[in-house]
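I have placed the structure first, in the form of structure tokens, so that the comments after it can refer back to it.
Counting starts at 1 for both ligands and their atoms, following the listed order. Heavy-atom basis, side chains included; hydrogens, waters and symmetry copies ignored.
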Amino acid sequence: MRISIASDHGGFHQKQALARHLESMGHTVLDRGCDSEDSVDYPDYAEIVGEDVAVKEAERGILVCGTGIGMAIAANKIRGVRAANVTSVEFAQLAREHNDANVLTLSGRFVPLTTNTDIVEAFLTTPFAGDRHDRRVKKIQSLEQ
Ligand code: RB5
């Protein structure tokens, strides 16, 4: 899968590790920064990854900041993005099954890397359930018009 990934300083170390993990799993990774622990502004990175997903440069996006919250708020401003801030594997599965989430936002400060690695795996492998959820996602899309 082609995956766009980015972080701010709060998610930098986990982003680096997750990008390496994804590459080792055979995915194509577009690493959109940041490149150090120096302080940056998370909306700048949410915009880049969100646009990658919106224009289909990437099939999925992953964003890591301190909590994942700011990244989700920012990414969801981009038309076509359905970003979910996820802190458990079960929520990752539900974000895919029910919401067809195409961007995952993670906490680099409050959730351990081992858990986030499992969350990413669930996010990439769980299919959208469709059916009644499809109707609801279409209603989300209509809010963007
Ligand atoms: C940066 O200090 C922090 O605000 C950011 O990483 C994130 O947690 C925002 O939601």
Q | For Ser107, all residues meeting side chain to side chain donor-acceptor pair (under 3.5 Å), sequence neighbours excluded | A | none

Q: Look up atom CG in Asp31 and atom CD1 in Ile3, then write down how far apart they are to the nearest 0.5 Å.
A: 12.0 Å

Q: First locate atom CG of Leu104, then atom CG of Leu124, and finally report the distance between them rounded to the nearest 0.5 Å.
A: 8.0 Å

Q.
Quick one, Val81 with Asn102, criterion side chain to side chain contact (heavy atoms under 4.5 Å, CB included). Give me CA distance, side-chain angles, the key distance, then yes/no.
A. CA-CA 6 Å; Val81 167; Asn102 51 16; 4.1 Å; yes

Q) Taking the non-hydrogen atoms of Met71, is any one of them nearer than 4.0 angstrom to ligand 1? A) no

Q. With atoms numbered from 1 as shown, which atoms in ligand 1 lie under 4.0 angstrom from a non-hydrogen atom of Gly66?
A. 5 (C), 6 (O), 7 (C), 8 (O)

Q: With sequence neighbours excluded, give me every ring pair (Phe, Tyr, Trp, His ring centres under 6.0 Å) pair touching residues 31-53.
A: none

Can you report which non-hydrogen protein atom sits closest to [atom], along with the distance?
{"atom": "atom 7 (C) of ligand 1", "result": "Cys65 SG, 3.4 Å"}
{"atom": "atom 5 (C) of ligand 1", "result": "Asp8 OD2, 3.2 Å"}
{"atom": "atom 4 (O) of ligand 1", "result": "Tyr42 CE2, 4.3 Å"}
{"atom": "atom 10 (O) of ligand 1", "result": "Gly70 N, 2.8 Å"}
{"atom": "atom 8 (O) of ligand 1", "result": "Thr67 N, 3.0 Å"}
{"atom": "atom 1 (C) of ligand 1", "result": "His9 NE2, 3.6 Å"}

Q) Can we say Glu47 and Lys77 salt-bridge, meaning some charged N sits less than 4.0 Å from an Asp/Glu carboxylate O? A) no

